[in-house]
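Following: one structure in structure tokens, then a few remarks.
Read the numbers this way: they start at 1 and go in the same order the structure lists the ligands and their atoms.
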Amino acid sequence: MRCIECGKAHDMAKPVYACSSCGNLLEIRMDRAAALARLAKGDLQRRPISVWRYRELLPVGANSKIFSLNEGGTPLIRCDALGRELGLRELYVKFDGTNPTGSFKDRGMTVGITKAAELGMKVVTCASTGNTSASLAAYAGLAGMKCVVLIPEGKVALGKLAQAMMHGALVVSVKGSFDDALDVVMKSSDKLGMYVLNSVNPFRIEGQKTAAFEICDQLNGSPPDYLYIPVGNGGNSAAYWKGFAEYESLGVVSSHPIIRGIQAEGSAPVAKMFATGADTLTPVKKPDTVATAIRIGNPANWKKTVRAIKESGGSASTVTDGEILAAQKKLATVQGIFAEPAGAAALAGLIKDVRAGELDKSSRVVCVSTGHGLKDPDVAISQSVKPKVIDATLDALGKMLEG
Ligand code: AN7
């Protein structure tokens, strides 16, 4: 476990989230030779596709007890109807909303909670715009740990709130934004002895990188040309890049996608860095978007994601709330995929690029849909036609349909 800035090594058997010298983020570096030796056994591809198919590429002890809900192995859905509309040859959606708690967070949480148990932690915590709290609550229950989640008051989608409460977390509403809540969580971890499972925890990123392995495997070893992905805290985009880069460095694949990070216009500090060429992040003070999952003004992983996106040869940009909702509706009506607003942001970014003529239409494109639409019933209902009420007769139905 090393600092991404100064490279200082840190003990993986201790709960730390920042470099003890310079305070920067930590990352897990893979021992390539050891990984190659483990891969050489060749049994990975024979296992069912899931996070734990890649166990040998994940930093958990050989004898650790794994806490799993069978996460990962999510479908890579070929979207021909949508592809035709956009004039794209090959379009896929990686639907990570089909994970056990309905978002990609489960990939990181199974590894994070497994690690928490290795470390002997009894209480886990996170700040969350919703999905992290839902996922953490479920896995904490599974592992018999206490769970405390901090959420921004009034800004968490109903389904996510229901999950965190139902799975038995202590849910705390903070008067402020996600960024304010994360601030409290980070400060409290030392003082209160709670293990932090936000994406500043490098083991979360390790679990999430498996989505990139899966995409390569699902495309029979030919990675896409482009990967469109929403950016909130920047953990997932960094994780995907780590996965693609590791698979390439291990020689499993021989190319990687260009990563296009997509943010909502009202919460877009990373995209702003790309637009202005700035080399540090200026936080957005009052972030706002209909996609509450990515309503984040001060992304904790901005350094990781900016590096990742640049290394891939990509960039970050914005979409409006209107574009997000239109993409969400399009995905639901044309492809049968019900994503929450943040889970449609990547597609909104793709549509915008296609319309601007900025994409070679013969490209192979994957959009990551990060969360399920059932998470946020209020948004779905508010942009759909209300059910009509009729008498229970054939006549009434006929008249209604004529209208
Ligand atoms: C559906 O739950 O930050 O860029 O606290 O739920 O890794 O932050 C959620 C983030 C995209 C952004 N899509 O991922 C939380 C939280 C969905 C999300 C993101 C989130 P990151």
Could I get the full list of side-chain hydrogen bond (donor to acceptor under 3.5 Å, both in side chains) partners for T101, not counting sequence neighbours?
-> D106

Take L58 and T210 through the test side-chain contact (heavy atoms from CB on, under 4.5 Å) and record every step on the way to the result.
-> CA-CA 9 Å; L58 296 172; T210 59; 4.1 Å; yes

Give a yes/no verdict on a cation-pi contact between K65 and F67, requiring under 6.0 Å between NZ or CZ and the six-membered ring centre and an angle within 45° of the axis.
-> yes

Exactly one candidate in N131, N236, T132 meets side-chain hydrogen bond (donor to acceptor under 3.5 Å, both in side chains) with K105; the answer is T132

For ligand 1, list every N/O pair with the protein closer than 3.5 Å, one pair per line with the distance.
| from | atom 1 | to | atom 2 | distance (Å) |
| --- | --- | --- | --- | --- |
| ligand 1 | 2 (O) | S128 | OG | 3.1 |
| ligand 1 | 2 (O) | T129 | OG1 | 3.4 |
| ligand 1 | 2 (O) | N131 | N | 3.2 |
| ligand 1 | 2 (O) | T132 | N | 2.8 |
| ligand 1 | 2 (O) | T132 | OG1 | 2.8 |
| ligand 1 | 4 (O) | G232 | N | 2.8 |
| ligand 1 | 4 (O) | N233 | N | 3.2 |
| ligand 1 | 4 (O) | G234 | N | 2.8 |
| ligand 1 | 5 (O) | S128 | OG | 3.1 |
| ligand 1 | 5 (O) | T129 | N | 2.8 |
| ligand 1 | 5 (O) | T129 | OG1 | 3.4 |
| ligand 1 | 5 (O) | T132 | OG1 | 3.2 |
| ligand 1 | 6 (O) | N131 | ND2 | 2.7 |
| ligand 1 | 7 (O) | G235 | N | 3.2 |
| ligand 1 | 7 (O) | N236 | N | 2.8 |
| ligand 1 | 8 (O) | N233 | N | 2.7 |
| ligand 1 | 13 (N) | T370 | OG1 | 2.6 |

Side-chain ion pair, R84 and D80, N-O less than 4.0 Å | no

Ring center gap for Y247 and H256 short of 6.0 angstrom = no

